[in-house]
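Below is one structure; the comments refer to it alone.
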Amino acid sequence: MIQALTTIISLLALAVSMLTAWLTLFRRGTVEMTQPTVIYFGADKAHWREQRAPPKVFLRTLLFATARRGRVIQSLHVTLTRNEARQTFNVWVYGEKDQLVRGSGLFVGEAGIAANHHFLTTPDGSPFTFIEGSYHLELFAQLLGDRRPKRLLSQRLDISRDLATALRDEKAGLYFDWGPDSGRYLPHIEMREPEIDPELFLKALNPSFDRN
């Protein structure tokens, strides 16, 4: 009887050890994100100053890994779909306004990383304008070791006629602030962009940039 009890306890201890090792060492897990507190649609006036400001999608969120070992994000990109039109924002810059860097690999641990994320179109891409309509915003992460990108966010956002008219002014930006009580995004126009230093933003996109 005692020998059988000892054997059972040993097997249970082994099972717990194996489960712990799997959770901490072997399980790859994935990357998730929290609901963005703010989403921005509008022109980016920090880049390509000699041309028309390209469109930008900006958001702030917390990225976190579901496994203790963490995961590496190779790239992030945003797609916007309106009716049959689809636009990819594949230029990714992240960080706080005084420490912006071009996204080219980011380790995300279990504790997570909260940051601002800026997504722009490439300068040689087709022109894109925020006009009236219902938009489907998706955020994808390409994780190291995964074949296909993982969709982190799928959100429907509407631009009314009045908002679209206001956005014709490049100084205007459309902000969607998350309302926890209403459970939806509340849009409003502001005549400014997220507060960043244009020179730092340019240096994040191109480390060799020198305005002189």
Side-chain angles (χ1 to χ4, degrees), residues 22-42 44-48 54-81 86-125 128 135-155 157 173 175-178 185 193-209:
W22 180 75
L23 290 173
T24 58
L25 300 176
F26 304 113
R27 187 170 73 96
R28 295 181 66 195
T30 187
V31 170
E32 300 288 352
M33 65 177 284
T34 59
Q35 187 78 40
T37 54
V38 61
I39 299 174
Y40 166 88
F41 289 174
D44 171 57
K45 289 174 283 296
H47 192 40
W48 303 309
K56 177 166 74 172
V57 174
F58 162 89
L59 58 86
R60 182 172 180 82
T61 188
L62 173 76
L63 298 169
F64 63 94
T66 60
R68 184 169 297 181
R69 62 186 293 187
R71 293 297 301 270
V72 174
I73 295 178
Q74 293 191 113
S75 63
L76 287 176
H77 71 272
V78 159
T79 63
L80 275 183
T81 305
R86 181 183 176 89
Q87 178 66 51
T88 300
F89 294 72
N90 60 335
V91 179
W92 168 42
V93 175
Y94 71 93
E96 302 306 319
K97 64 180 181 179
D98 57 342
Q99 292 183 331
L100 290 169
V101 295
R102 178 71 181 265
S104 58
L106 175 66
F107 175 77
V108 180
E110 190 178 28
I113 298 175
N116 298 325
H117 298 272
H118 307 257
F119 300 94
L120 297 92
T121 57
T122 54
D124 57 349
F128 178 83
Y135 290 78
H136 183 205
L137 184 152
E138 295 178 287
L139 173 61
F140 294 91
Q142 182 63 59
L143 302 179
L144 184 65
D146 289 3
R147 289 186 177 182
R148 296 182 179 180
K150 174 180 173 56
R151 187 172 66 180
L152 298 177
L153 176 67
S154 176
Q155 182 67 50
L157 298 167
Y175 291 82
F176 297 91
D177 292 317
W178 178 250
Y185 282 99
E193 284 192 285
E195 296 180 356
I196 61 173
D197 185 322
E199 187 169 334
L200 288 174
F201 193 84
L202 284 165
K203 287 182 177 180
L205 289 170
N206 181 10
S208 62
F209 167 78

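For the pair L152 and L76, the minimum side-chain heavy-atom distance is below 4.5 Å. Looking at heavy atoms from C-beta onward, H118 lies out of side-chain contact with D44 at the 4.5 angstrom threshold. Between V91 and T121 the shortest side-chain heavy-atom distance does not fall below 4.5 Å. The side-chain heavy atoms of L144 and R71, taken from C-beta on, include no pair separated by under 4.5 Å. Using a 4.5 Å heavy-atom cutoff, the side chains of P36 and F176 are not in contact.
Residue Y135 holds its OH atom at 10.5 Å from CD of Q87, rounded to the nearest 0.5 Å. Remark: L157 CG to L80 CG distance equals 8.0 Å, nearest 0.5 Å. For the atom pair CG of L120 and NZ of K56, the computed distance is 6.0 Å after rounding to the nearest 0.5 Å. Here CD of Q74 is found 6.0 Å from CD of Q142. Values are rounded to the nearest 0.5 Å. Remark: T34 OG1 to L62 CG distance equals 4.5 Å, nearest 0.5 Å. Rounding to the nearest 0.5 Å gives a distance of 7.5 Å between CG of L139 and CG of L63.
Applying the side chain to side chain contact (heavy atoms under 4.5 Å, CB included) rule to E32 yields the partners T30, F64, T66, K150; only residues at least two apart in sequence or on another chain are considered. In this structure, the side chain to side chain contact (heavy atoms under 4.5 Å, CB included) partners of T88, at least two apart in sequence or on a different chain, are H77, T79, N90. By the side chain to side chain donor-acceptor pair (under 3.5 Å) test, D177 is found to be paired with H188, residues two or more places apart in sequence or in another chain being considered. Judged as a side chain to side chain donor-acceptor pair (under 3.5 Å), and not counting sequence neighbours, the contacts of Q155 are Q35. Under the rule for a ring pair (Phe, Tyr, Trp, His ring centres under 6.0 Å), the partners of Y185 that lie at least two apart in sequence or sit in another chain are W178. Legend: residues meeting side chain to side chain donor-acceptor pair (under 3.5 Å) with Y94, ordered by chain and number and at least two apart, are absent. The side chain to side chain donor-acceptor pair (under 3.5 Å) search around S154 returns H136, not counting sequence neighbours.
Between F89 and the choices F58, F128, F41, Y40, the ring-ring contact (aromatic ring centres under 6.0 Å, His included) rule is met once, by F128.
Closest approach of A115 to G95, counting heavy atoms only: CB-N, 4.2 Å.
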Return a table of donor-acceptor pairs under 3.5 angstrom between the side chains of residues 105-114 and protein atoms on other chains or two or more places apart.
none

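Taking the six-membered ring where tryptophan is involved, the planes of W92 and H117 are essentially parallel, since the angle between them stays under 30° and well short of 60°.
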